[in-house]
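Here is the structure we will look at.
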Amino acid sequence: MNIQALLSEKVSQAMIAAGAPGDCEPQVRQSARAQFGAYQANGIMAVAKKMGKVPRQLAEDVIKHLDLAGIASKVEIAGPGFINLFLDPDWLSAQIDIAIAAPRLGVTPVEPQTIVIDYSAPNVAKEMHVGHVRSTIIGDAAARTLSFLGHKVIRANHVGDWGTQFGMLIAFLEKQQNEQHGEMVLADLEGFYREAKRTYDEDPDFAERARGYVVKLQGGDEYCRRMWKKLVDITMTQNQTIYDRMNVTLTRNDVMGESLYNDMLPGIVADLKAKGLAVESEGATVVFLDEYKNKDGDPMGVIIQKKDGGYLYTTTDIACAKYRYETLKADRVIYYIDSRQHQHLMQAWTIVRKAGYVPESVPLEHHAFGMMLGKDGKPFKTRAGGTIKLSDLLDEAVERATRLVSEKNPDMPADQLRALANSVGIGAIKYADLSKSRTTDYIFDWDNMLAFEGNTAPYMQYAYSRVLSVFRKAGIAESEVTGQTVIREERESALAVRLLQFDETITQVARDGTPHVMCAYLYDLAGLFSGFYEHCPILTAEDETTKQSRLKLALLTAKTLKLGLDTLGIDTVERM
Ligand code: ARG
């Protein structure tokens with residue numbers, strides 16, 4: 001049930017019946033205060049102006065035609081011409097019963113699309129670090145949300161697996177294998193990369209060999225390909241451990257690295273030239289874009305092939321967008337990449353559109369995000385000023401969560417405690433990120449994210465376990481809750497309305513890729529449940545009907561919290 005959509009439809013019908021144009025906007029919104037009803041129609045003023053009518057007069061005409069029998073208990077005009085809509089408690093009760101019984105809690109089915117989501121995208125022969133956290137976490141929440149809604153989601157891990165550094169890395173892998181006489185385990189990727197670089201800088205023979213390997217690798221040489229593949233495999237095996245620890249839904253099959261597009265690049269450059277979009281300029285191949293000006297005010301040149309024949313990150317992203325449309329058959333493509341790459345993407349996509357590789361009907365969306373900052377407001381680094389490895393960050397989260405939950409649960413068995421600390425610690429890192437608007441930078445703060453108060457993972461996980469405890473105390477399994485919902489109290493009604501707004505919330509998150517909207521919703525829901533639980537006794541309710549009804553509200557609250565947290569990739573726990 002999408003109440004906002006239902007009311008919009010009804011109000012717009014009434015507006016048209018009252019003489020408004022067919023494309024009038026009813027502007028139905030959730031109202032901020034219960035005294036104005038659950039929803040408000042704010043569109044009257046703008047339409048009245050267009051029609052040359054007095055807004056209040058139009059509002060009165062609209063209300064005459066507004067058919068909300070059985071849905072609203074009261075409709076009133078407020079201020080200059082707002083329409084306040086109060087929902088009928090019996091209608092709300094019926095909707096709650098329907099939602100509980102429905103698959104997917106009654107969320108309106110969508111027209112399924114094929115949606116490619118580009119996220120995480122670490123680099124080969126490097127360890128994942130804090131710079132990959134936001135893309136991985138927010139992208140995964142989007143993937144979960146869109147697949148829950150019924151879309152076909154293709155997770156695309158655009159791994160940095162190509163570039164001239166691979167000559168050096170292959171040569172170094174070879175050197176190590178020779179010295180160690182056989183297969184080696186590459187545990188420390190950072191160290192490996194550093195040593196390879198040092199050897200390259202210090203040993204001219206090595207450097208020469210490395211440069212030779214770059215050429216051979218690009219030429220498809222079998223030995224170099226095999227060594228390259230080994231580096232990719234080792235890296236992605238390590239990254240998979242991190243994804244699994246973080247409960248991120250990426251798998252090895254989702255790796256679609258930069259190298260995937262290599263074979264397309266020469267054809268694209270030739271095609272852009274043939275189309276008159278690309279030209280030779282000082283030996284390189286360049287696309288000049290009028291949309292972007294350089295500092296002299298001239299059209300900006302985007303290089304797609306260098307003088308030495310090499311291709312660029314932009315060339316790959318042009319090919320990649322084309323591939324996602326042509327081969328993956330995407331209806332929509334979403335990129336979770338930090339905001340510093342915005343101009344890069346815009347340039348690549350401007351070329352993609354001009355060349356006709358992806359039609360305008362298929363959106364290419366950059367869901368940009370800001371940086372992760374330390375408490376001092378500067379880029380988040382180790383004390384020594386180095387990048388923070390993601391695996392270290394996760395270790396610390398679990399360590400801190402272990403201290404926290406063992407204090408609260410001194411008698412919990414060790415294995416249960418370990419599982420709980422893991423859910424809380426990993427959940428805290430993820431939720432802290434998800435709950436902030438993704439577009440701004442955000443300050444990483446252990447104390448805030450692990451607090452039991454406020455919009456945090458521990459609070460939400462605790463809130464969920466508290467709802468479940470109602471059933472334990474009642475001695476009733478969730479499946480045994482029967483009867484009908486009967487809403488009488490103000491707080492029951494407020495909780496019911498919020499529960500039914502899950503549909504509107506997830507629809508918004510799916511459209512905008514803004515998981516913080518889901519977090520804010522769930523946090524608010526948990527607060528409304530607390531108020532309800534305090535003022536509307538469940539186990540000591542005045543009669544069995546009321547008790548069953550309140551248990552039903554508790555049940556839908558539990559299901560909604562769990563589902564909402566699931567779409568965010570946050571574990572729920574039964575007890576904490
Ligand atoms: N590997 C890149 C980086 O670490 C991110 C890739 C994002 N995806 C893309 N299609 N460009 O910056």
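First listed ligand is number 1; within each ligand, the first listed atom is number 1. Fair warning: this is a prediction, and the values are worked out from it, not measured in the lab. Below, all heavy atoms of this structure are taken into account, side chains as well, without hydrogens, waters or symmetry copies.
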Heavy atom of the protein closest to atom 9 (C) of ligand 1 (residue, atom name, distance): H158 CD2, 3.3 Å
Y459 and Y523 aromatic centres sub-6.0 Å: yes
Aromatic centroids of Y335 and H366 separated by under 6.0 Å: no
Residue D118 vicinity, atoms of ligand 1 by number, heavy atom under 4.0 Å: 7 (C), 8 (N), 9 (C), 10 (N)
Element-labelled atoms of ligand 1 that are located less than 4.0 Å from some non-hydrogen atom of Y335: 10 (N)
Pair F380 + F444: ring centers closer than 6.0 Å: yes
Min N/O separation Y313 to ligand 1 under 3.5 Å: yes
Ring centre gap for Y357 and W349 strictly below 6.0 Å: no
R144 and T249: side chain donor to acceptor below 3.5 Å: no
Taking atom 12 (O) of ligand 1 as the reference point, the nearest protein heavy atom with its distance: Q341 NE2, 2.9 Å
T316 and ligand 1 - part of the residue with a heavy-atom distance under 4.0 Å: neither
K216 NZ/CZ over Y223 ring centroid, <6.0 Å and within 45° of normal: no
Interfacing atoms of ligand 1 (cut-off 4.0 Å, heavy-atom, I337): 7 (C), 8 (N), 9 (C), 11 (N)
Pair Y313 and H344, ring centroids less than 6.0 Å apart: yes
Residue part near ligand 1, for D317, under 4.0 Å between non-hydrogen atoms: side chain
Ligand 1 N/O within reach of A121 N/O, cut-off under 3.5 Å: yes
Taking atom 4 (O) of ligand 1 as the reference point, the nearest protein heavy atom with its distance: N123 ND2, 3.4 Å
